[in-house]
Structure formats: structure tokens, C-alpha cells
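Single-structure report; data block below.
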Amino acid sequence: MRIQPPGLTTGVVCATIFEDVTVIATESLSKRFPRVTALDRLSLDIGPGVTGLVGSNGAGKSTLIKILLGLSPATEGRAAVLGLDVATSGAAIRERVGYMPEHDCLPPDVSATEFVVHMARMSGLPPTAARERTADTLRHVGLYEERYRPIGGYSTGMKQRVKLAQALVHDPQLVLLDEPTNGLDPVGRDEMLGLIRRVHTDFGISVLVTSHLLGELERTCDHVVVIDGGTLLRSSSTSDFTQTTTTLAVEVTDSDTHPDGTDALRQVLTRAGVNLVGHDGLDGQGLPGAGHILLVEATGEETYDIVRDSVAGLGLGLVRMEQRRHHIAEVFRTEEAPRAAAVTQTVSAVVGAVQQKGSGRDEH
Amino acid sequence: MSTETGAVSGSETSRIHNIGYRSYDGKRLGRSYARRSLYSQSLRGSFGLGRSAKSKVLPMLLFGVMCMVAAIIVAVAIAAPGTTALPIKYTAFAIYLQAVIGLFLAAQAPQSVSRDLRFKSVPLYFSRPIERADYVVAKLAAMASALFILTGAPLVILYVGALLGKFDFAEQTKGFGQGLVSVALLSVLFAGLGLVMAALTPRRGFGVAAVIAVLTISFGAVSTVQAIAWQTGSTGAIEWLGLFSPITLIGGVQTAFLGATSAFPGGEGPGVGAGVVYLIVVLALVAGSYAVLMRRYRRVGL
């Protein structure tokens, strides 16, 4: 699989250099509880932009957020947010940072407007400013007339928007979003991810967004940090991962003249000079029916035409032809393979989750 | 196809929401302002202000009952010829209407704290400039203020009525002052106890039940045992038994220091010596409530 540019893997694991523009910096940050080590000498250096923090449940994401908000002291090491030390300037940090919790946190009996105004005032905004900012922010996250109705009647997607709005209402320099796509359907998920992207591009607010799904962060984030068991697994920029070429997944039926339609199409396409990706052009990812899906490298519009004409020429039925995104997960899998067994296991667990989601989305 | 769905909804989102973002460069008033905001929001909430119409009914009804009783007392006192004082002492009013105060506390303490716990809004507060102590102090002060308004307003009505009736000014003012001190103490004590019980459970119903149970059961038990003690002639025990229920604690303190007539059987209220013990217990309960709340919120922090 030729997905990853060479020389990508090295030198990112221990990035402890404190740059001029650093939004979050941690230095051998550890948090130990009596029985569990939540963070183990974690050193991170996160710049402006949208940063994804990926890890399975219990990887230490929430613990890290608590420490970054100055709410929980680190056992050892230090951390700075927006240049302020979390141990000494917790209140100053919390004034400039927004936080969106993972779980439900909205009282059902008040309207979104009332709730967000209250939260704006809790962040120190004067009453008039709190009302203006609330109206603006709710509009920005896409809540209109419904914002005057009690939150109890909102859909999950709308509740997530209110949660995001309360994190943004005081115009922070950084927002920490804990699993913002939790519980959303694929469309809601895409909208939320688009919104998160806009928080940085349009509002100029840096974002740290956590997820246990690596795949959904690839379009949204400039940078992805993977932690597991409280240690840094990997930290790199997403532009390293993303590919300009796209992959087409093609599935065809068999016919009497071509008992193996997939193989026949492969031969025709190879002769036509189309690049096939993966193992013999087959999707070898182990999904049901994967052996019948050809992965074709699409260089432009003409590739679609070639595939269409080839299928028609062979007299086969075209079951599907769809774009496959390159998942960051693929990159991780290939490069993490030689690493220690434990590490590989965790990463493949994450990869598995991504692929499940990916395959689910392909059906839409 | 998934990618196209994503692309379409993505562009739709940006089209709808693209109205330009304005950053905020104005003042940020910080921690003490946030604490005041939380206080005023909680205080208003105790009377249902800023909440749904339904949640205004009970607190306003109870407040109305308190004021109406005071107004009736005043009317009777002024209408009856030859009266020179109000038929009851200022300090006795809260004791007579303790059931109303108890209901108010039972209804409003859980809405003040259980709500944040139940819907897990607490982390939103603690991810902002305020600290745990600010939250606890604001909630305690708001509840105590609400109770003080509830119990103080009828005293004001009584006082105004007494002045209109041209009763002795100095005597009435003294009694009114004593009454205010007494209800202030009652408000702080009840607020502390009520919030502790409400904060221990995220379920509102349990909070309501717990507050009512603690107030009525302890008062019932204390009154019964006191009555038995009086019947059996062990009058010395009566003044100490009053230590075991919130309302008799307040009754004891005001009997000892605020010139109140004791409601204990046989009028066996505590003297100044026992009164000091009563006062210490009240203050210890208030401090204890604060400590328990602080502990409670350390655990639910985020």
C-alpha cells in the first residue's frame, strides 16, 4: 500500500520543544491514582489550529483535560496552556479556555438562550455582553428559533450544539472538546466536524478535540496526537497523512461469460493502464465481501469513465463504485506493525473501530 | 454515498452559518462577578424567577401564605379595640409557621443543587473561573437569602402594622430587631442543612423527602420526648432535648438571647448557660454543612 511518504515516522514521539506559538505544552506530565497510572510522563507540544487527541477509553484523555483546566494537580511534570502554568494560573486559564464535556450537561427545563447567557456570565461577561454573545454564538452553531424552547425537547444534535455554544460563548482562545461527535448519526457527525473546523478557520479559536475514533479526525484536524495508557503513541500533522489521490472501490457481479467478474475487470483495467492499489487490487481489509472489491487509484474524471466503460464492455453489473477515504488508521497500521506487540494491539483496536465505522458509512 | 452526503451537508452548514464571527474584546469581570451572578441566579431561582411559570407556583404560594398570615395578625391587632401590642412576638412567628418554611426549603434546596448534579452541569461551572468554594458559598448564601426573605418579609409586615397601630415604638423596634436576628440565624442553619441533604442525592424527589423528613421527624421526636419528660417531671432534660432538632435549636437560642417566649413544654427554655451551647451547636452545624458541601463537590468536580 503506497500511502505514506517516506521518513514520516521518526522524531515525533518525544517532541518537547517549547515553541513561541504553543497553545498547550506538557513536559513529562504524570498523573497517578492509587491503583492506576492515568498519564505517564507525557510530553506534548501543541500549536494553534485544530488538534485531535485520540485514544481508546481510559487512555488518559479526560485526565489530561482536567489537568489542562487546572482542576486536578499533576503528580509530576508540568503543563502550560496559552503560556500559563496550570498549577498556578488555573482561574486565568479557565477564563480563556472553553470546555465541552463528553456527557450530557444541560438542564432540560431552561431554554438554550437562558442557559448559555448564564454560562457566559459565569465566565465573567457583563450582562449585556453575555446576551449579545449568546445570540451570536447560538446562531453560529446553527440554533435559531428553537433556542427559546426548553432544552429538554432538543435532539441530540441540537444539544451538542448548545454544549459547543456554551464553550464558545466567552470567545476563548482555545476550546477543549471532549468527544463532541458522541451519539450523533453520520450526518450529524459530519456537521459537527465541519463546525469544529470552522471554530478555527472562521472564529480563530484553537481547538483540542478528543475522540476514540481516529478516522473522523482526519479531515478536521491539522494535527493528531495519539495517546494510550497515558503515554504518547504518536504526534504528527495530518497533512503528512492525507493523500491527494483518491481510491475508488469497485464491486461488480459475475456473469456466465465471466464467472469471476472481479478478476476479468482487473485484467481489463490493468491493460487500460489504471493503477490498482492494495494487494492485487483487492480490498484485503478482511471485511465481508472484501475479496470482491477492487481498489482503483483515481487520477481524475477519466478513471471513472474507464471503469464504467470497462464494466459495460464486459457485460457485468456494477454493484458499487465509491470513493474511499484514506484513513489515518491505514498509515498507523503499516508503521506501527514492527513495534512492540502491546502497542500494535492497541493501535489495531483503534484501527478496527475506524474501519467498522468506515464500512458503516459506505452503505449510505 | 457517504462522501457526497458529507460534502453536501458540510457546505450547507457553512452557507447557513456564515454570518461572520465577531470576537469579544470587552471586559471580563472574573471570579467575584461570576460568584455574584451565580448567587443572584440561584436566589431568583428559589422563587421561580427566570424559570418556568409552573416552578413559580409553589414558592410564591408559600411566600403569599407567610405574608398573609402576618397581614391577618396585623389586621386583628389593629381592629381589636384597646390593644397595645401584637398578639404574638416577632420571634414566635417563624416557629408557628415552621411547616411553611420547611416546605419551601424542601422544594427549593433540591432545585438549587440537585438539578446541577442530576443534569451534570457542575463541570461547566468548574471549567470556568470560579472555584469550588465560590460555588458552595454562592449556593449557601442564595438559599439563606431566600429563606431570610421568606421569613423576614412577614416580620416587616408585622412591624409596619405595629407602627400603624401606634404601638410602643421602642418596644416594637426592639422586638422586630430580635426577630430579624432570629430568622437570619434560622435561614443560615436551614439553608446549610437543606443543601447538604439535597446535595447528597442527585434525585430531586429524594432531596425533597430527606429535607421534610429531617425537619419534621426530628421536631416530632424532640417534642414527643420533651412532652414525656415534662409529664414524668424531669424538667431538667427538656432544655437539653431541644438541641436535637433544627427548629428547637433556633427556639432555644432566641429564648436565651432574644427575649423569646419558649415554645418548649412548660416554657422550660434554656437559660443563658445552655443558650451558649445552643448557639455553638447552631454555628457548628452551619460550619459542618459548609464542610460537607465542599467535600461533596470535590468528588463531583469534573
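Labels below follow one simple rule: chain letters A, B, ... track the order of the sequence lines, proteins then strands, and each chain is numbered from 1.
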Q) Closest heavy-atom contact between A:L195 and A:H140? A)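 Here A:L195 and A:H140 meet closest at CD1-O, 3.7 Å.
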Q. So which heavy atom on B:L215 is nearest to which on B:G102, and how close?
A. CD1-CA, 3.6 Å
With chain A, which of [options] has the greatest number of heavy-atom pairs at distances under 4.5 Å?
| options | result |
| --- | --- |
| B:R118, B:R31, B:Q41 | B:Q41 |
| B:S52, B:P129, B:A34 | B:P129 |
| B:D25, B:I130, B:D134 | B:I130 |

Do you know which of [options] has the most heavy-atom pairs with chain B at a distance under 4.5 angstrom?
| options | value |
| --- | --- |
| A:S123, A:A91, A:P150 | A:S123 |
| A:P126, A:A129, A:P101, A:A92 | A:P126 |
| A:K163, A:H118, A:H170 | A:H118 |

Q: Would you mind checking which part of B:R22 comes under 4.5 Å of any heavy atom in chain A, side chain (CB onward), backbone (N, CA, C, O), both or neither?
A: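 Both backbone and side chain of B:R22 come within 4.5 Å of chain A.
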Q. So which part of B:R28 gets closer than 4.5 Å to some heavy atom of chain A, the side chain, the backbone, both or neither?
A.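 Contact with chain A involves both backbone and side-chain atoms of B:R28.
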Side chain, backbone, both or neither: which part of [X] has a heavy atom under 4.5 Å from chain B?
| X | result |
| --- | --- |
| A:P127 | both |
| A:E114 | side chain |
| A:L193 | neither |
| A:E132 | neither |
| A:R133 | side chain |
| A:I151 | neither |

Counting neighbours of [atom1] on [X] that are heavy atoms of other residues, nucleotides or ligands and sit closer than 6.0 Å, is the number greater than 12?
| X | atom1 | answer |
| --- | --- | --- |
| A:K159 | NZ | yes |
| B:K27 | NZ | no |
| B:R203 | CZ | no |

Q: Nearest 0.5 Å please: distance from the CG atom of A:L318 over to the CD atom of A:E251.
A: 9.0 Å
Q: Using only heavy-atom distances, determine whether the side chains of A:R94 and A:Y99 contain a donor-acceptor pair under 3.5 Å.
A: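 Side-chain D/A pair, A:R94 to A:Y99: absent.
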Q) Would a line drawn from the ring center of B:F104 to the ring center of B:F47 be shorter than 6.0 Å? A)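 Ring centroids of B:F104 and B:F47 are less than 6.0 Å from each other.
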Q) Is it true that B:K54 and A:D109 make a salt bridge, defined as a side-chain N closer than 4.0 Å to a carboxylate O? A)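 A:D109 and B:K54: not salt-bridged.
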